[in-house]
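Report on the following structure.
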Amino acid sequence: MVSQGVPIVGDRKFVFVGGKGGVGKTVIAAALALDASQHGRKVLLASLNPVHSLSSLFGQDFSGGTIMPVKGAPNLDAVEVEIEDLVSQYKSRMTARLREFFKWAEVPINPEPFIEVATTNPAFHESAMFDRVMDIVLEMGGKYDLVVFDTAAVANAVRLIGLSKLYGLWLARMIQSRREAMEYRLRLSFRKEKVMEEIKRDPVIADLISLNEKFTKTREVITNPQLTGFYFVTTPESLPISVVVRFIRMVESFNIPVGGVFVNNVIDVSDASTDPSGYLAAKVEEQRGYLRMIEERLGRLVIGYVRSFPSEVRGIEALKDVIRDLRSYTPPIPA
Ligand SMILES: Nc1ncnc2c1ncn2[C@@H]1O[C@H](COP(=O)(O)OP(=O)(O)OP(=O)(O)O)[C@@H](O)[C@H]1O
Ligand SMILES: [Mg+2]
């Protein structure tokens with residue numbers, strides 16, 4: 001159980017919330033953010049979801065992609081990143097980058113089909129989102145005590161960070177060969193000093209270097225357990241549990257710190273007794289088996305449970321109920 005005097009996420013600065021679709025990630029992310037803000041931390045809740053879930057959760061319009069204070073929650077700001085804008089900006093940047101590469105490598109083929117494939121595959125959306133995550137990590141770290149990311153792209157973020165060492169090596173190699181190629185060409189027409197100057201001015205090299213720096217800095221932050229935690233949400237159901245188990249295995253294999261697991265939508269026995277149809281009692285019985293499974297497979301990582309409320313979670317007061325459960329509710333788990 002989490003002690004009362006500190007935020008549920010402790011003193012971490014960056015928190016990511018992942019899990020299967022619909023399990024309550026947005027609700028939990030918002031509750032963790034609100035909880036830390038109530039402990040005097042200055043908090044930013046950043047949503048990178050295709051649908052505008054924060055607006056409906058808080059009943060406040062967050063569209064437009066700018067950071068805004070959450071009404072009724074001092075110390076808490078929120079932003080809903082516009083995914084479509086993000087993807088189209090990223091697409092034009094990557095297209096320019098790829099065209100430049102093809103031109104420079106003097107590959108005698110039409111690059112357009114490659115560019116099309118590279119910028120329309122599903123991972124591209126997630127890469128665009130991760131690019132924004134990196135910007136937020138590097139820009140907002142100084143302005144907020146805590147940034148909570150509610151993003152569907154957690155798996156991809158993990159993969160990219162995990163692979164970023166490799167990616168960094170690849171970038172370094174690209175920078176090196178671009179330098180060599182430029183030097184070779186320029187030496188034919190310029191003096192040595194002029195060659196170095198031209199290389200320094202090269203936009204492709206500058207672009208690669210800054211991308212590499214961004215990756216390196218973000219990796220340092222995201223793999224530091226004092227600064228960052230990846231949290232996962234499950235419900236007492238088979239598929240969401242498998243998803244979390246798989247995520248955690250992946251996260252750990254990349255040395256990315258796991259903050260813990262939250263179990264949402266637990267049906268309480270006392271609620272079941274008020275339901276004459278017997279449906280809830282049957283559900284409770286079914287959930288018992290899954291709670292047991294969670295205990296076996298994730299026990300050491302579970303930090304909180306939230307009951308299934310009679311209606312959707314909307315507004316600050318409802319989030320406070322979620323926080324209360326996270327801090328104090330534990331369902332009976334069969335041995
Ligand atoms: N403990 C709960 N009790 C009652 N309703 C809940 C609870 N947790 C979440 N909900 C409701 O379930 C729905 C899904 O929750 P939420 O949007 O947080 O899930 P999500 O994992 O973020 O979904 P997505 O994968 O689509 O982003 C929402 O309508 C939310 O209000
Ligand atoms: Mg969501």
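First listed ligand is number 1; within each ligand, the first listed atom is number 1. Keep in mind that the numbers below use all heavy atoms, side chains included, and drop hydrogens, waters and symmetry copies. Start at 1 with the first residue, then count along the sequence.
- Shown in contact with Asn265 at under 4.0 Å from a heavy atom are these atoms of ligand 1, numbered in order with element: 1 (N), 2 (C), 3 (N), 7 (C).
- Between the choices Gly18, Gly22, Gly19, the shortest heavy-atom distance to atom 14 (C) of ligand 1 belongs to Gly22.
- Of all the atoms in ligand 1, the ones that sit under 4.0 Å from a non-hydrogen atom of Val27 are 9 (C), 18 (O), 30 (C).
- Within the 4.0 Å heavy-atom shell around ligand 1 one does not find Ala29.
- Polar contact with ligand 1: present for Thr26 (N/O pair, distance under 3.5 Å).
- Here Leu280 sits in one hydrophobic cluster together with Ile267, Val269, Tyr279, Val284; the rule is ILVMFWY side chains under 4.5 Å apart, joined directly or through other members.
- Counting only protein N, O or S atoms closer than 2.8 Å to the Mg ion (ligand 2) gives 1.
- Ile136 has its side chain within reach of Val147: a pair of non-hydrogen atoms, C-beta onward, lies under 4.5 Å apart.
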Using distance only, find each side-chain donor-acceptor pair of residues 68-79 under 3.5 Å and give its atom names and separation, not counting sequence neighbours.
| from | atom 1 | to | atom 2 | distance (Å) |
| --- | --- | --- | --- | --- |
| Asn75 | ND2 | Ser37 | O | 3.2 |
| Asp77 | OD2 | Tyr144 | OH | 2.6 |

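- The same ILVMFWY cluster, assembled from side-chain heavy atoms under 4.5 Å apart, contains both Tyr329 and Ile333.
- Considering backbone and side-chain N/O of Gly21, none are found under 3.5 Å from N/O of ligand 1.
- At a heavy-atom distance under 4.0 Å, only backbone atoms of Arg307 (N, CA, C or O) approach ligand 1.
- Considering backbone and side-chain N/O of Asp150, none are found under 3.5 Å from N/O of ligand 1.
- Using a 4.0 Å cut-off between heavy atoms, Ile28 makes no contact with ligand 1 at all.
- At distances below 3.5 Å, not a single donor-acceptor pair connects side-chain atoms of Asp150 with backbone N or O atoms of Ala29.
- Not a single donor-acceptor pair under 3.5 Å links the side chain of Thr235 to the backbone N or O of Val23.
- Each of the atoms 4 (C), 5 (N) of ligand 1 lies under 4.0 Å from some heavy atom of Ser311.
- Looking only at side-chain heavy atoms (C-beta outward), Val266 and Pro236 come within less than 4.5 Å of each other.
- Using a 4.5 Å cut-off on side-chain heavy atoms (C-beta onward), Phe254 and Met250 make contact.
- For the ligand labelled ligand 1, residue Ser53 lies outside the 4.0 Å heavy-atom shell.
- In summary, the atoms of ligand 1 found under 4.0 Å from a heavy atom of Lys25, numbered by their order in the structure, are 18 (O), 19 (O), 20 (P), 21 (O), 22 (O), 24 (P), 25 (O).
- In this structure, Leu57 is a member of the same hydrophobic cluster as Phe309, with clusters built from ILVMFWY side-chain heavy atoms closer than 4.5 Å.
- Taking all atoms of both residues into account, the shortest heavy-atom contact from Gly24 to Asn264 is CA-ND2, 3.7 Å.
- Within the 4.0 Å heavy-atom criterion, the part of Val306 lying near ligand 1 is the side chain and not the backbone.
- The six-membered or imidazole ring of Phe262 lies near that of Tyr231, with a centre-to-centre distance under 6.0 Å.
- Checked against side chain to side chain donor-acceptor pair (under 3.5 Å), Glu295 has no partners two or more places apart in sequence or in another chain.
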